[in-house]
There are 2 protein chains.
Amino acid sequence: MSKPSPALVDALFRLSFVLQGHLVRLAAAHDLSLVQLRLLGILRDREPGMLELARHLELEKSSSSGLIDRAEARGLVERVPSKEDRRAATVRMTARGRKLARALEDEVSRELGALLAVLSEPERVKLTALVERVVERAKPPA
Amino acid sequence: MSKPSPALVDALFRLSFVLQGHLVRLAAAHDLSLVQLRLLGILRDREPGMLELARHLELEKSSSSGLIDRAEARGLVERVPSKEDRRAATVRMTARGRKLARALEDEVSRELGALLAVLSEPERVKLTALVERVVERAKPPA
DNA sequence: TATTGTTATACTCTATAACTATA
DNA sequence: TATAGTTATAGAGTATAACAATA
């Protein structure tokens with residue numbers, strides 16, 4: 001139960017603010033909020049219902065309802081009525097949303113690449129392994 | 001200009017979301033937003049004017065004005081009129097704000113400690129060095 | 001009765017633009 | 001004129017509570 005060094009705590013939080021800052025600025029350049037960016041990321045390989053989506057985003061269902069209203073109005077996602085359960089609907093990315101998601105992914109990777117250029121390839125490999133072990137431990141509480 | 005591996009990009013962003021998630025939940029437990037948490041962090045060792053504060057938080061001056069309104073109403077900070085310039089005021093943490101900031105700092109360090117317990121001490125040292133070099137490169141655009 | 005989702009309402013947070021007071 | 005800060009206004013994003021439709 002030894003506490004981590006202040007230097008490590010500091011470095012990690014600074015890193016997290018730097019990364020989130022990149023995401024916020026990139027998203028804003030496309031007139032998207034960070035949550036909308038996360039939404040696109042989630043929908044890349046899923047077609048969740050409202051409740052499932054709310055759980056992924058850690059939002060109330062009413063909040064995701066509004067979020068989807070706005071994203072749908074912009075043509076990024078669409079509601080697909082369920083066949084089996086007439087109360088339910090799933091949320092699916094449109095072609096336009098998918099195109100935007102891919103563009104953002106490229107930009108993110110490019111910016112992060114510039115940041116990581118300061119490390120050698122073996123160092124990157126080492127960093128990847130260390131970070132993966134930490135986030136693995138933080139795995140979804142679900 | 002080689003792009004970073006998808007695994008590294010992924011791991012770093014997952015880490016940043018995990019860390020920010022911790023901050024958001026801890027702040028919320030004290031009925032604070034993430035920005036208010038950052039405000040307390042900034043005021044630990046500064047007594048900035050409104051414009052300087054807005055720059056630190058990457059906000060418009062009108063936005064920090066409202067932010068300080070709400071924080072002041074909760075007794076966490078106070079506006080101190082400047083002696084030299086009668087238009088200006090600085091923002092200072094109150095004793096109550098300082099107490100809350102310290103409590104949050106402890107909680108953050110404790111939670112992160114649990115997460116980092118998965119690494120050995122030499123690994124933590126290595127991680128600290130690598131992350132510091134990356135964030136150093138991201139240094140303030142100012 | 002329970003579940004899926006929406007709507008009504010209220011508050012925080014943010015930006016833009018206009019404003020006040022001082023420099 | 002320029003600068004420090006506030007105010008007015010509008011919109012996104014959030015939660016709580018009440019609601020409708022279906023299970």
Candidate pair A/Arg25 and B/Glu58, rule salt bridge (charged side-chain N to carboxylate O under 4.0 Å, His left out), full reasoning: CA-CA 11 Å; A/Arg25 278 185 293 272; B/Glu58 296 183 270; 3.0 Å; yes
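- Scanning atom types as modelled, no donor and acceptor separated by under 3.5 angstrom connect the side chain of A/Ser62 and the base of D/dT14.
- The two residues B/Arg74 and B/His30 have their closest heavy-atom pair at NH2-O, 3.3 Å.
- Rounded to an integer number of Å, the gap from NZ of B/Lys61 to P of C/dT14 is 17 Å.
- Per the geometry, CG belonging to B/Leu57 stands 10 Å off P belonging to C/dA15, to the nearest Å.
- The two residues B/Arg92 and B/Val80 make their nearest non-hydrogen contact at CZ-CG2, 3.7 Å.
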Which protein N or O atoms sit under 3.5 Å from an N or O of nucleotides 9-12 of chain D?
none

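- Here the P atom of nucleotide C/dT6 and the CD atom of A/Glu60 are 14 Å apart, to the nearest Å.
- Residue A/Ser65 places no side-chain N or O under 4.0 Å from the OP1 or OP2 atom of C/dG5.
- Counting to the nearest Å, the C1' atom of C/dT14 and the CZ atom of B/Arg38 are 13 Å from each other.
- Between the P atom of C/dT22 and the CG atom of B/Leu51 lies a distance of 17 Å, rounded to the nearest Å.
- Non-hydrogen atoms lying under 4.0 Å from DNA chain D are contributed by nothing in residues 13-32 of chain A.
- Closest approach of B/Thr94 and B/Gly75 over heavy atoms only: OG1-O, 2.6 Å.
- Rounded to an integer number of Å, the gap from B/Ile68 CD1 to D/dA4 C1' is 14 Å.
- Between B/Leu19 and B/Leu23 there is no side-chain heavy-atom pair separated by less than 4.5 Å.
- Direction of the helix axis in the helix from C/dT1-D/dA23 to C/dA23-D/dT1 shifts by 20° between the two five-pair termini, rounded to 10°.
- For A/Arg133, the salt bridge (Lys or Arg N to Asp or Glu O under 4.0 Å) partners at least two apart in sequence or on another chain are B/Glu123.
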Candidate pair B/Glu78 and B/Val91, rule side-chain contact (heavy atoms from CB on, under 4.5 Å), full reasoning: CA-CA 6 Å; B/Glu78 56 188 348; B/Val91 181; over 6 Å; no
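- What you find for B/Val118 and B/Leu115 is that their closest heavy atoms are CG1-O, 3.5 Å.
- Salt-bridge formation is detected for the pair A/Asp69/A/Arg79: a Lys NZ or Arg NE/NH1/NH2 atom is positioned less than 4.0 Å from an Asp or Glu carboxylate oxygen.
- By the salt bridge (Lys or Arg N to Asp or Glu O under 4.0 Å) test, A/Asp85 pairs with A/Arg87, sequence neighbours left out.
- The separation between A/Asp69 atom CG and C/dG5 atom C1' is 11 Å, rounded to whole Å.
- The CG-C1' distance, from A/Leu67 to D/dA15, rounds to 14 Å in whole Å.
- At a non-hydrogen distance threshold of 4.0 Å, B/Arg87, B/Ala88, B/Ala89 from residues 82-89 of chain B come into contact with DNA chain D.
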